[in-house]
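Have a look at the structure below, then the notes.
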Amino acid sequence: MIQKIVLILIFTISCSFALADNHQLLSKKAEFNKAVKYIEQQEFSEALGIFKSLATEGLPEAQFNLSLLYFNGVGAPTSYRLALYWSWYAFLNQHENATDRVNTIKSEITENLQNTVAQTIIDELLIQANQGNELAPLKLGQTYLRLFVQPSYKEAYLWLAIAQAYGDVAASELLSEATGQLTLEEVLVQQDLAQSTFQNILSN
């Protein structure tokens, strides 16, 4: 099992640092490569610590690899909760293999745990969105639609409407999906709520 994990971790490494400036890029790549060396040496706890630090900074490759470690109980005891948490963030940050990882973890857990992780992520993203983070509304919409066992269409509509207001083109298709699950009356209520929420964010 350990050998398989090592191969997956090394295979999924790619440059996900495009948004960082050159100094940050070099620093993060150096840290990432250090974690890879620890994996190769089977010093998994050290690798997990580095991946966790980089994952917290929003790097999808680190988030994905951290999910693998938690799922397989390497570097730390197995935690399906943390595995789903980090794989979902990898998905939100557009890791190409994250969808399969999320689905694998979902098949191993209870609906209650799935909803608990979803709510934890929602709570974190709401803070970011209300502080004016323009990337958070789309992530909120995706989480309300895709991570809860039963999608929350009203909340998804609210935040996807705000994401679209910011100019996020990825929000449009998801917004149409949410709209299709709501009555006209519900849509009108959510439109008014989106207007007031958006104005409150801009005024902060």
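What you see below is based on every heavy atom in this structure, not just the backbone, and it leaves out hydrogens, waters and symmetry mates.
The neighbour count for Q195 CD, taken as heavy atoms of other residues, nucleotides or ligands under 6.0 Å away, does not exceed 12. For E111, the CD atom is loosely surrounded, since the number of other residues' heavy atoms within 6.0 Å does not exceed 12.
With respect to Y80, the ring pair (Phe, Tyr, Trp, His ring centres under 6.0 Å) criterion is satisfied by exactly one of W86, F71, Y85: F71.
Contact record, F198 with A165: CZ-CB, 4.0 Å, taken as the closest heavy-atom pair. The heavy-atom pair separating A171 from Q164 by the smallest distance is CB-N, 3.9 Å. Taking both residues in full, the closest heavy atoms of R81 and L113 are given as CB-CD1, 3.9 Å, listed atom of the first, atom of the second, then distance. The nearest pair of heavy atoms linking K106 to R146 is NZ-O, 3.1 Å. Considering every non-hydrogen atom in both L140 and A129, the closest pair reads CD1-CB, 3.7 Å. Smallest separation of non-hydrogen atoms from T78 and N72: OG1-C, 3.7 Å.
Here the side chain of N93 pairs no donor or acceptor atom with the backbone of L59 at under 3.5 angstrom. Remark: side-chain polar atoms of N204 are not paired, donor with acceptor, to backbone N or O of G132 under 3.5 angstrom. For S87 (side chain) and F64 (main-chain N/O), no donor-acceptor pair under 3.5 Å exists by modelled atom type. A donor-acceptor pair under 3.5 Å links the side-chain atoms of T104 to the main chain of D100, judged by distance alone. Not a single donor-acceptor pair under 3.5 Å links the side chain of S53 to the backbone N or O of G49.
Between the CD1 atom in I50 and the CG atom in L66 there is a gap of 12.0 Å [rounded to 0.5 Å]. The distance from the CG atom of N130 to the CD1 atom of I162 is 8.0 Å, given to the nearest 0.5 Å. Rounded to the nearest 0.5 Å, atoms CG (L84) and CD1 (I105) are 5.5 Å apart. Distance OG/S79 to CG/L69: 12.0 Å, rounded to 0.5 Å. Note that CG of N133 and NZ of K139 are 7.0 Å apart. Values are rounded to the nearest 0.5 Å. The distance from the OG atom of S67 to the NE2 atom of H95 is 10.0 Å, given to the nearest 0.5 Å.
Note on L193 and L202: same hydrophobic cluster, where clusters join Ile, Leu, Val, Met, Phe, Trp and Tyr whose side-chain heavy atoms are under 4.5 Å apart, directly or indirectly.
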(Q) Using side chain to side chain donor-acceptor pair (under 3.5 Å), reason through Q119 and D123 one step at a time and then give a plain yes or no. (A) CA-CA 6 Å; Q119 189 60 55; D123 291 343; 2.9 Å; yes

Q) Do E31 and K28 pass the salt bridge (Lys or Arg N to Asp or Glu O under 4.0 Å) test, and can you show the C-alpha distance, the side-chain angles, and the key distance before you say yes or no? A) CA-CA 5 Å; E31 284 299 295; K28 294 180 192 302; over 6 Å; no

Q) Would F51 and F32 count as a ring pair (Phe, Tyr, Trp, His ring centres under 6.0 Å) if you check the C-alpha gap in whole Å, the side-chain angles of each, and the deciding distance to 0.1 Å? A) CA-CA 7 Å; F51 282 139; F32 198 91; 5.3 Å; yes

Q: Starting from the C-alpha separation in whole Å, work towards a yes-or-no answer on side chain to side chain contact (heavy atoms under 4.5 Å, CB included) for E124 and T120.
A: CA-CA 6 Å; E124 294 173 353; T120 297; 3.9 Å; yes

Q) Given the rule in the side chain to side chain contact (heavy atoms under 4.5 Å, CB included) test, do L126 and W159 qualify, once you have shown the distances and angles that lead to the verdict? A) CA-CA 10 Å; L126 282 172; W159 290 105; 3.6 Å; yes

Q: Could you walk me through whether I122 and F148 pass the side chain to side chain contact (heavy atoms under 4.5 Å, CB included) test, one step at a time?
A: CA-CA 10 Å; I122 288 294; F148 285 99; 3.7 Å; yes

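Hydrophobic side-chain contacts under 4.5 Å tie L175 into a cluster, directly or through other members, with L138, L145, Y153, Y157, L160, L174, L182, V187.
Considering only residues two or more places apart in sequence or on other chains, E134 meets the side chain to side chain donor-acceptor pair (under 3.5 Å) condition with none of them. Looking at residues two or more places apart in sequence or on another chain, you find a side-chain contact (heavy atoms from CB on, under 4.5 Å) between T183 and E185, E186.
Between Y70 and K52 the shortest side-chain heavy-atom distance falls below 4.5 Å.
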